[in-house]
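The structure presented is a predicted model; accordingly, all values stated were derived computationally and were not measured. Residue numbers begin at 1 in each chain, while the letters A, B, ... track the order of the sequences.
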Amino acid sequence: MLVSKLLLPTLKDSPQEAEIVSHQLMLRAGLIRKVASGIYTWLPLGLKVLKKIENIVREEMDLSGAQEVCMPMVLPRELWEETNRWEKMGPELLRIKDRHNRDFCLGPTHEEIITDIIRNNVKSYKELPLNIYQIQTKFRDEVRPRYGIMRGREFLMKDSYSFNIDEESLQETYLTMRETYKKILDRIGLEYKISRADSGSIGGDSSEEFHVLAENGEDIIAISDSSEFAVNSELLLKDGEDISSLEGKPSPDGQGTIQIKKGIEVGHIFKLGKIYAESMKASVLDSNGKASLLYMGCYGIGVSRLVAAAIEQNYDDKGIIWHHSISPFDINIISIGHDKNKEIATASNKLYKDLNEMGYSVLLDDRKDGYGTKIKDSELIGIPLNIVVGKKFLENKEIELLRRNGDSSMNPIDDVKTILDFFKD
RNA sequence: CGGGGUAUAGCGCAGUCUGGUAGCGCACUCGCUUUGGGAGCGAGUGGUCGUAAGUUCGAAUCUUACUACCCCGACCA
């Protein structure tokens with residue numbers, strides 16, 4: 001992609017509406033623009049990141065044996081009344097009426113809809129277990145949307161629902177999803193903790209949250225300094241106790257002491273048990289030919305929230321630092337004097353073509369601006385590797401390889417192998 | 001929903017107290033010169049001052065109501 005053709009409205013100043021780093025940088029780097037409170041448009045660069053994360057999630061879900069579907073976003077009242085959630089969800093459920101005055105809502109989650117599908121189409125235990133997922137826009141009319149994409153009202157989520165014949169099978173699927181989530185977050189290069197959590201209004205037996213550790217996290221978790229142990233701090237606090245009082249106490253798992261950290265909840269996995277099957281009468285025939293209520297699990301990942309979380313965990317005073325797995329582009333060719341100097345333009349264009357053919361996603365900054373403008377923008381939008389074609393190229397056919405982390409080297413322009421090595425993390 | 005704050009050009013801001021018909025930086029357009037860390041000179045474009053009503057000869061400025069957005073709290077797969 002040529003930078004001159006790209007819709008990339010970068011900003012030098014942070015809009016006053018943005019308070020936290022990820023929100024400021026997402027606006028400044030031209031990833032998103034606000035449409036209404038908690039509702040955003042994804043611009044080309046932001047959408048690329050979103051899609052990269054979405055695809056990583058999809059790949060790992062498919063590898064885990066889950067199957068993708070797409071459920072509607074507009075949902076009829078009747079299904080929600082079966083579980084009594086039309087009432088229970090309260091104003092968080094954005095309700096609308098169609099032209100016949102029939103009640104609908106915008107889907108904030110899809111247990112009812114998928115359970116309806118399964119009860120109508122799956123009849124035997126032999127068809128189980130099933131794990132069905134979708135990656136779809138959700139709407140929750142949050143009491144207070146904030147921090148840009150982090151707590152939006154409209155957001156992209158991967159939600160999956162497993163249907164199992166018994167508790168053992170559910171446990172197996174649950175652990176598979178737990179491993180899958182770890183793989184996803186590892187691939188994105190995030191530092192995270194898995195913490196025991198309150199299962200909240202969605203109900204069910206037990207749940208765990210995946211927290212990306214970051215200063216601006218909304219959740220406070222207690223972790224052990226010498227084991228894997230982590231738990232949402234709410235669960236450790238007795239009445240009137242202050243969170244800071246937990247710091248330094250012995251960890252409940254008997255290993256090490258407690259540290260208090262802030263986290264961004266990017267994933268949540270639940271064992272729901274039979275509650276939805278009961279209220280919605282979802283059963284299959286078991287091996288004895290008897291109707292058996294389904295055990296369910298549900299597993300969510302906030303795809304759009306991961307974009308913000310990745311920034312919160314990886315930025316500096318110059319801008320975003322993308323992990324290579326989710327960067328909107330792999331390489332940015334900074335061509336200095338591209339419009340005037342044919343030698344530089346020709347070399348840059350060839351490099352651009354070659355790297356594209358090698359399978360990299362490449363930006364070519366062909367604008368009429370100087371080095372300063374171009375490198376500042378590149379650092380702001382967080383591209384992992386810059387290739388500078390300029391004066392040094394004219395002198396001795398050398399280009400500079402400049403990584404976002406500051407490492408740099410001068411190399412002969414034909415030394416493509418070095419470019420590749422340099423790019424490897 | 002309770003508390004606090006903001007609203008003037010795409011972004012950042014001044015002007016409001018003390019009423020006189022809107023300004024600065026950046027961005028943008030054109031020309032020339034520049035091109036390895038956000039370039040220089042010259043000439044330009046762009047705003048019903050959040051909305052509505054009121055006071056006044058006259059309102060960005062004073063009054064009232066409303067709306068939007070942000071922050072804290074309560075809430076939250």
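Relative to the ring axis of Y276(A), K274(A) does not place its NZ or CZ within 45° and under 6.0 Å from the centre. The side-chain tip of R33(A) does not point at the ring of W42(A) from less than 6.0 angstrom away and within 45° of straight on.
Checking C1(B), U35(B), G12(B) against the side-chain heavy atoms of V143(A) singles out C1(B) as nearest. You'll find that the side chain of R151(A) is closest to C76(B), out of G73(B), U35(B), C76(B). Comparing C1(B), U6(B), G37(B) by their nearest atom to the side chain of Q16(A) picks out U6(B). Distance from the side chain of K340(A) is smallest for U34(B) among the nucleotides U34(B), C70(B), G73(B). Closest to the side chain of Y371(A), out of U35(B), G37(B), C69(B), is G37(B). With U35(B), G73(B), C76(B) as the candidates, the nucleotide lying closest to the side chain of E142(A) is C76(B). Candidate nucleotides C69(B), G12(B), C71(B) were compared by shortest atom distance to the side chain of D13(A), and G12(B) ranks first. Between G25(B), C72(B), G37(B), one nucleotide has an atom nearer to the side chain of R146(A) than all others, and that is C72(B).
Between C57(B) and C62(B), the two C1' atoms lie 16 Å apart (nearest whole Å). Annotation: G25(B) and U63(B) have their C1' atoms spaced 34 Å apart (nearest Å). For U48(B) and G44(B), the C1' atoms lie 23 Å apart once the distance is rounded to whole Å. Comparing A14(B) with U8(B), their C1' atoms sit 10 Å apart, to the nearest whole Å. Comparing G58(B) with A22(B), their C1' atoms are spaced 16 Å from each other, to the whole Å. Rounded to a whole angstrom, the distance from the C1' atom of U21(B) to that of G5(B) is 29 Å. Straight-line distance between the P atoms of G19(B) and A60(B): roughly 13 Å, to the nearest whole Å. For the P atoms, the distance from C75(B) to C13(B) is 33 Å, rounded to whole Å.
A salt bridge does not link K318(A) to D316(A): none of the charged nitrogens lies less than 4.0 Å from a carboxylate oxygen. For E179(A) and K182(A), the salt-bridge test passes: some basic side-chain N is under 4.0 Å from an acidic carboxylate O.
The residue N341(A) sits apart from the nucleic acid: no heavy atom pair falls under 4.0 Å. No contact: K138(A) has no heavy atom under 4.0 Å from any strand. G302(A) comes within contact range of at least one nucleobase, with a heavy-atom separation under 4.0 Å. Within the nucleic acid shown, F155(A) comes within 4.0 Å of at least one base atom, counting heavy atoms only. Residue-level contact check: Q24(A) touches neither bases nor backbone, having no heavy atom under 4.0 Å from any strand.
By the 30° and 60° cut-offs, the orientation of the rings of H23(A) relative to Y40(A) is perpendicular.
Under the 3.5 Å distance criterion, the side-chain polar atoms of N121(A) are matched with a main-chain donor or acceptor of I117(A).
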Without placing hydrogens or testing angles, list every side-chain donor-acceptor pair under 3.5 Å for residues 141-149 of chain A, not counting sequence neighbours.
{"residue": "D141(A)", "atom": "OD1", "partner": "R153(A)", "partner atom": "NH1", "Å": "3.1"}
{"residue": "E142(A)", "atom": "OE1", "partner": "R151(A)", "partner atom": "NH1", "Å": "3.2"}
{"residue": "E142(A)", "atom": "OE2", "partner": "R151(A)", "partner atom": "NH1", "Å": "3.3"}
{"residue": "R146(A)", "atom": "NE", "partner": "E218(A)", "partner atom": "OE1", "Å": "3.4"}

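The shortest distance between side-chain heavy atoms of V303(A) and V266(A) does not fall below 4.5 Å.
Sequence order on RNA chain B of the closest nucleotides to D339(A) and G38(A) puts D339(A) first from the 5' end.
For the 3.5 Å distance criterion, the side chains of D62(A) and Y133(A) qualify, holding a donor opposite an acceptor.
Applying the 4.0 Å criterion to OP1 and OP2 of C69(B), one finds that Y147(A) has every side-chain N and O outside that range.
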Show me the protein contacts with nucleotides 38-41 of chain B, counting only N or O atoms at under 3.5 Å.
{"residue": "G38(B)", "atom": "O2'", "partner": "K12(A)", "partner atom": "NZ", "Å": "3.2"}
{"residue": "G38(B)", "atom": "N2", "partner": "D377(A)", "partner atom": "OD1", "Å": "3.1"}

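Base pairing of U51(B) is made with A65(B), judged by Watson-Crick or G-U wobble geometry with both donor-acceptor distances under 3.5 Å.
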